[in-house]
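All values reported here derive from a predicted model rather than from experimental measurement.
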Amino acid sequence: MTTTTTARSTLAEIVNARTGRDAAPPREFRTRTATGTPPDPLVLVAGRPKTGKSYALAAAAADPRVARVTVVEVGLDDGALDGYLDVAGDSFQIVAHDNTAQDVVAAIQQAAAQPPTGEGYHILAIDSATVLWALLSREAQRGGRDIGPGGWAMLNSAWDDILTVLRTHAGPVILTARADDAGLDDLGRVRVQKDLAFDVDVVVQAQAHRAFTLVGARSLALASLEERVPLPLGDLDIPSLLDLLSGGAR
C-alpha cells in the first residue's frame, strides 16, 4: 500500500489564494531588542460636558513643562476654545479647518506631522473625538445611505487609520470624549467609536466638574501604584499626569 503525503499549505499561501494576491517572496525571520523607551501616550479624557476637559488642555499650554498645545477643535460649539486665551497664552494653537469630514481629517494629518519646537511636551489634542466620530458617521450615511456591515467595517478601518496617524505625532496625544453617567469600570458608555477606550494607552474620566480619575494606563511607571488605580487626580493637570506616566518630572 502506497501512502501519499500532501504538503501543508502555509498561512501566507492560504491568504494569497483567498485574496488573489501574488505569492510573496520568502520572509527572513528577524528580531530586535526592546528599546526600553515607551512611545508617547494616546490619552482618552472622557466625561460629561462642562466638566473641565477643554479647560485642562488650555491650562496645560501655560505650564512651563509644555512647549505647545495644538488642538483640532471639532464640534457644534466650534470656536469655544477662543475664550481660553487668558488661561493658555500663545502656546495654545487651534488648527483651522472648514468643519467638513475631509478637511478635519486633513487637518489632523497636518497637525500630527508638525515637528517639535523648543523643549517640553508637544501635545496634540482632538476636542472632541465624540464629535469627530459623529461627523465621519454622518458623512458615510449622507443622503440616507444604508451603509450596511461592510460600510461600517470601512468606517471603523478609517478610524483606525486616524489613530495610526495620531501615533506618528512627536509627543503625547489627548482625545476628549463625552461619556454618559456610568461607573469607572464601564468604558462602553463613552460616546465615541466603540473600541477607542481599549485602543488608547491611558483613560481618564471626569466624574464631576474638574474632578478626574485615572482609570487605567499602560505604563511601567504605574506598576507601584497598581493597587491605587482607579487613582483620583482631582483637577486634571495634564503635564503632571504625563510626568507620572513617564516616571519622572521634566
Side-chain angles (χ1 to χ4, degrees), residues 41-63 65-66 69-89 91-95 99 104 108 121 123-135 137 159 163 166 172-219 222 225 228-245:
L42 214 61
V43 182
L44 173 62
V45 180
R48 291 178 299 163
K50 315 299 187 293
T51 50
K53 302 184 294 295
S54 299
Y55 178 88
L57 295 174
D63 192 288
R65 292 168 290 181
V66 174
V69 175
T70 304
V71 185
V72 181
E73 184 182 20
V74 192
L76 297 177
D77 54 352
D78 183 52
L81 294 180
D82 286 304
Y84 289 118
L85 177 61
D86 290 342
V87 175
S91 295
F92 190 64
Q93 296 291 307
I94 303 171
V95 180
N99 286 308
V104 169
I108 291 172
Y121 292 115
I123 298 172
L124 172 60
I126 309 299
D127 190 18
S128 80
T130 295
V131 183
L132 174 59
W133 174 247
L135 179 66
S137 300
W159 180 263
L163 295 185
L166 291 175
V173 176
I174 313 292
L175 299 105
T176 69
R178 298 174 188 170
D180 297 328
D181 291 330
L184 292 172
D185 59 346
D186 191 0
L187 298 180
R189 301 292 293 276
V190 179
R191 294 171 55 187
V192 73
Q193 197 272 348
K194 59 185 178 65
D195 293 327
L196 179 60
F198 307 100
D199 291 335
V200 297
D201 304 300
V202 183
V203 178
V204 175
Q205 279 193 329
Q207 295 302 103
H209 179 62
R210 295 175 71 172
F212 293 83
T213 299
L214 176 62
V215 178
R218 287 192 285 264
S219 172
L222 292 180
L225 298 175
R228 295 173 54 193
V229 174
L231 179 66
L233 300 173
D235 202 358
L236 180 56
D237 181 338
I238 291 176
S240 293
L241 173 64
L242 296 174
D243 285 347
L244 176 66
L245 296 171

Taking side chain to side chain donor-acceptor pair (under 3.5 Å) as the test, write out the residues that go with Asp235, two or more places apart. Arg210
If we ignore hydrogens and angles and just use 3.5 Å, is the side chain of Lys53 paired with the main-chain N or O of Arg48 as donor and acceptor? yes
Restricting to side chain to side chain contact (heavy atoms under 4.5 Å, CB included), what partner residues turn up for Thr130, sequence neighbours left out? Ser128, Ala177, Arg178, Arg191, Val192
How many angstroms lie between CG in Asp199 and CG in Leu175, if you round to the nearest 0.5 Å? 10.5 Å
Report the C-alpha separation of Leu57 and Tyr84 in whole Å, then their side-chain angles, then the decisive distance to 0.1 Å, and conclude whether the side-chain contact (heavy atoms from CB on, under 4.5 Å) test is met. CA-CA 9 Å; Leu57 295 174; Tyr84 289 118; over 6 Å; no
Heavy-atom closest contact (Pro41 atom, Leu242 atom, distance): CG-CD2, 4.0 Å
Using the side chain to side chain contact (heavy atoms under 4.5 Å, CB included) rule, pick out the option among Leu135, Val95, Val131 that qualifies with Val104. Leu135
Would you say the side chain of Asp63 lies within less than 4.5 Å of the side chain of Ile238, judging by non-hydrogen atoms? no
Under the criterion side-chain contact (heavy atoms from CB on, under 4.5 Å), I'd like the reasoning laid out for Phe212 against Val45: C-alpha separation, chi angles, the key distance, then a yes or no. CA-CA 9 Å; Phe212 293 83; Val45 180; 3.8 Å; yes
How close do Ala61 and Ser91 get, counting heavy atoms only, and between which atoms? O-CB, 3.6 Å
So, using side chain to side chain donor-acceptor pair (under 3.5 Å) as the criterion, who are the partners of Ser240 when residues are at least two apart? Arg65, Asp237
With sequence neighbours excluded, what pairs up with Ala59 under the side chain to side chain contact (heavy atoms under 4.5 Å, CB included) test? Tyr55, Val87
Do the non-hydrogen side-chain atoms of Val43 and Pro172 ever get within less than 4.5 Å of each other? no
Apply side-chain contact (heavy atoms from CB on, under 4.5 Å) to the pair Leu166 and Ile126, showing each step before the final yes or no. CA-CA 10 Å; Leu166 291 175; Ile126 309 299; 4.2 Å; yes
Between the main-chain N or O of Ala80 and the side-chain N or O of Glu73, is there a donor-acceptor pair closer than 3.5 Å? yes
Quick one: pull up CD in Gln207 and OG1 in Thr51 and give me the separation to the nearest 0.5 Å. 9.5 Å
What residues, two or more places apart in sequence or in another chain, satisfy side chain to side chain donor-acceptor pair (under 3.5 Å) together with Thr70? Arg68
How about Leu81 and Phe92: do any of their side-chain heavy atoms sit closer than 4.5 Å? yes
Excluding sequence neighbours, so at least two apart, what forms side chain to side chain donor-acceptor pair (under 3.5 Å) with Asp201? Arg167, Arg218
So which heavy atom on Val202 is nearest to which on Ala217, and how close? CG2-CB, 4.0 Å
For Leu244 and Leu231, what are the C-alpha separation, side-chain angles and deciding distance, and is it a side-chain contact (heavy atoms from CB on, under 4.5 Å)? CA-CA 12 Å; Leu244 176 66; Leu231 179 66; 4.1 Å; yes
